[in-house]
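Throughout, a chain's letter reflects where its sequence line sits, starting with A, and its residues are numbered from 1.
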Amino acid sequence: MLDLWVGVFVVIGLAALVFLALRVGNLAGADLSDAYTVRAQFDNIGGLKVRAPVKSAGVVVGRVAEINFDTRSYRAEVVMAVATRYPFPRDTIASILTSGLLGEQYIGLDPGGDEEMLKSGDVVQITQSAVVLEKLIGQFLFDRAASAPAQEGTGN
Amino acid sequence: MSGPVAVARRLGRIVSDGVWRFGFAARFLVMLLAHSGQSLMRLHLTVREIYFSGVLSLLIIVVSGLFVGMVLGLQGYETLQRFGSGDALGVLVALSLVRELGPVVAGLLFASRAGSAVTAEIGLMKATEQLDAMDMMAVNPIARVVAPRFWGGVISMPLLAAIFSAMGVLGGWLIGVVFIGVDEGAFWSQMQAAVDFREDVVNGVIKSVVFGVAVSLIAVFEGYDCTPTAEGVSRAITRTIVSSALAILALDFVLTSFMFRGVS
């Protein structure tokens with residue numbers, strides 16, 4: 001009788017763990033056990049972090065594996081692990097995007113039209129940096145300041 | 001006897017007693033581990049203890065988990081909807097339960113429900129000289145009494161914490177989706193996108209294993225070390241609950257600062 005209850009208890013506990021792993025967590029998500037790595041250099045990666053998703057057309061196809069600073073070009077070098085079942089052309093564009101206005105940052109891949117596919121260790125040549133909100137606001141204010149006196153001069 | 005000298009002497013006594021007890025607890029743990037193989041060979045002893053500390057704690061864990069999840073659902077939605085992100089309720093409920101509340105609250109409940117019972121049992125055995133009697137019969141009380149209770153607690157605790165977290169998520173779902181009307185798809189999919197198996201779920205399980213070891217060790221040690229009188233046993237039970245709670249909260253801070261420091 002005692003053994004039965006302990007058995008039931010252990011089964012319920014393990015079931016709770018499986019529930020946490022599959023229903024709450026994303027263990028069943030993108031499988032990256034079989035992946036190839038590509039590099040890309042960005043002028044500014046903004047708030048991109050290691051393990052951030054790599055998406056194409058909104059589908060998670062990989063994860064950011066490493067972020068380094070290249071001291072020769074003074075740019076950020078991002079290493080991405082992309083699942084092998086998603087091959088991308090060599091002229092794919094990598095850009096750093098934000099999900100929502102204040103969401104996390106991820107890398108978006110826009111496939112090009114090249115016949116040849118990216119191989120492990122290849123470098124993505126065309127990249128687009130993160131949009132830094134402060135710079136954008138600064139630019140906006142600068143434009144306003146530049147155009148405001150001219151408007152006042154002609155308006156009145 | 002002048003004042004300052006007496007104070008210094010008292011302080012010295014408190015510190016040296018504390019250090020001595022700490023050292024004794026460490027030696028006790030080594031003895032316990034050394035005799036564990038012997039007691040795990042007779043598995044039914046440990047299974048019995050899993051029944052007493054795990055199965056009998058199931059009801060309080062399930063009910064508290066459900067209520068904690070429901071409160072998180074209400075409070076979380078109240079705050080999130082101010083920012084127009086009520087859909088993120090699932091993320092809030094799941095992350096706070098899996099990372100923190102599951103292991104910590106289950107640990108505190110486990111200490112007061114099961115830890116105190118273990119201390120009382122071992123303390124009473126000592127007070128009624130059952131442990132000495134075992135020694136006389138060449139039965140090692142650490143292998144026969146202490147080790148099974150320790151391992152029973154260590155095995156039960158992670159399972160109870162997982163059940164607590166799972167019930168909490170269901171409670172949050174009940175309030176958020178069924179009563180308030182958060183979109184069911186958004187609730188689960190945002191949760192699954194935000195909760196990482198290795199970073200969040202596995203780290204929560206590691207925490208609960210550490211808490212299980214700490215609470216079980218404190219419970220068996222306080223019972224084994226108590227003054228063998230009625231008053232001594234009751235004091236030992238109080239000490240078990242107080243030091244378990246402090247140990248859980250302190251260990252939780254240390255573990256959290258190691259696990260989630262980089263947030264990378």
Legend entry - Audit row: B:Phe164, B:Leu109, side chain to side chain contact (heavy atoms under 4.5 Å, CB included) steps and yes/no: CA-CA 10 Å; B:Phe164 187 95; B:Leu109 289 171; 4.2 Å; yes
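- Partners of A:Arg75 under the side chain to side chain donor-acceptor pair (under 3.5 Å) rule, at least two apart in sequence or in another chain, are A:Asp43.
- For chain A, the nearby part of B:Leu58 is the side chain; its heavy atoms alone come within less than 4.5 Å.
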Inset, instruction - Quick one: do A:Ser95 and A:Thr127 satisfy side chain to side chain contact (heavy atoms under 4.5 Å, CB included)? Show the steps, please. - result: CA-CA 5 Å; A:Ser95 34; A:Thr127 61; over 6 Å; no
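- Residues of residues 142-156 of chain B lying under 4.5 angstrom from chain A, judged on non-hydrogen atoms, are B:Ser156 by number.
- Ring pair A:Phe19/B:Trp188 is perpendicular by interplanar angle, where above 60° counts as perpendicular and below 30° as parallel.
- Looking at A:Gln105, its side chain never comes within 3.5 Å of a backbone N or O of A:Ile96 through a donor-acceptor pair.
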Would you mind writing out the side-chain donor-acceptor pairs for residues 64-72 of chain A within the sub-3.5 Å range, not counting sequence neighbours?
| from | atom 1 | to | atom 2 | distance (Å) |
| --- | --- | --- | --- | --- |
| A:Glu66 | OE1 | A:Asn68 | ND2 | 3.0 |
| A:Asp70 | OD1 | A:Arg72 | N | 3.1 |
| A:Asp70 | OD2 | A:Gln41 | NE2 | 2.8 |
| A:Asp70 | OD2 | A:Ser73 | OG | 3.2 |

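- Surrounding CD of B:Gln75 are at most 12 heavy atoms belonging to other residues, nucleotides or ligands under 6.0 Å away.
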Inset, instruction - Test side chain to side chain contact (heavy atoms under 4.5 Å, CB included) on B:Glu184 and B:Trp173 and set out the steps. - result: CA-CA 8 Å; B:Glu184 171 138 34; B:Trp173 170 82; 3.0 Å; yes
Inset, instruction - May I have the step-by-step check of side chain to side chain contact (heavy atoms under 4.5 Å, CB included) for B:Asp252 and B:Glu100, ending in yes or no? - result: CA-CA 8 Å; B:Asp252 182 50; B:Glu100 287 296 331; 2.7 Å; yes
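- Using a 4.5 Å heavy-atom cut-off against chain A, the contacting residues of residues 200-217 of chain B are B:Val201, B:Val205.
- When every heavy atom of B:Asp87 is checked against every heavy atom of B:Asp183, the shortest pair comes out as OD1-N, 4.3 Å.
- Using a 4.5 Å cut-off between heavy atoms, B:Leu170 touches chain A through its side chain atoms alone.
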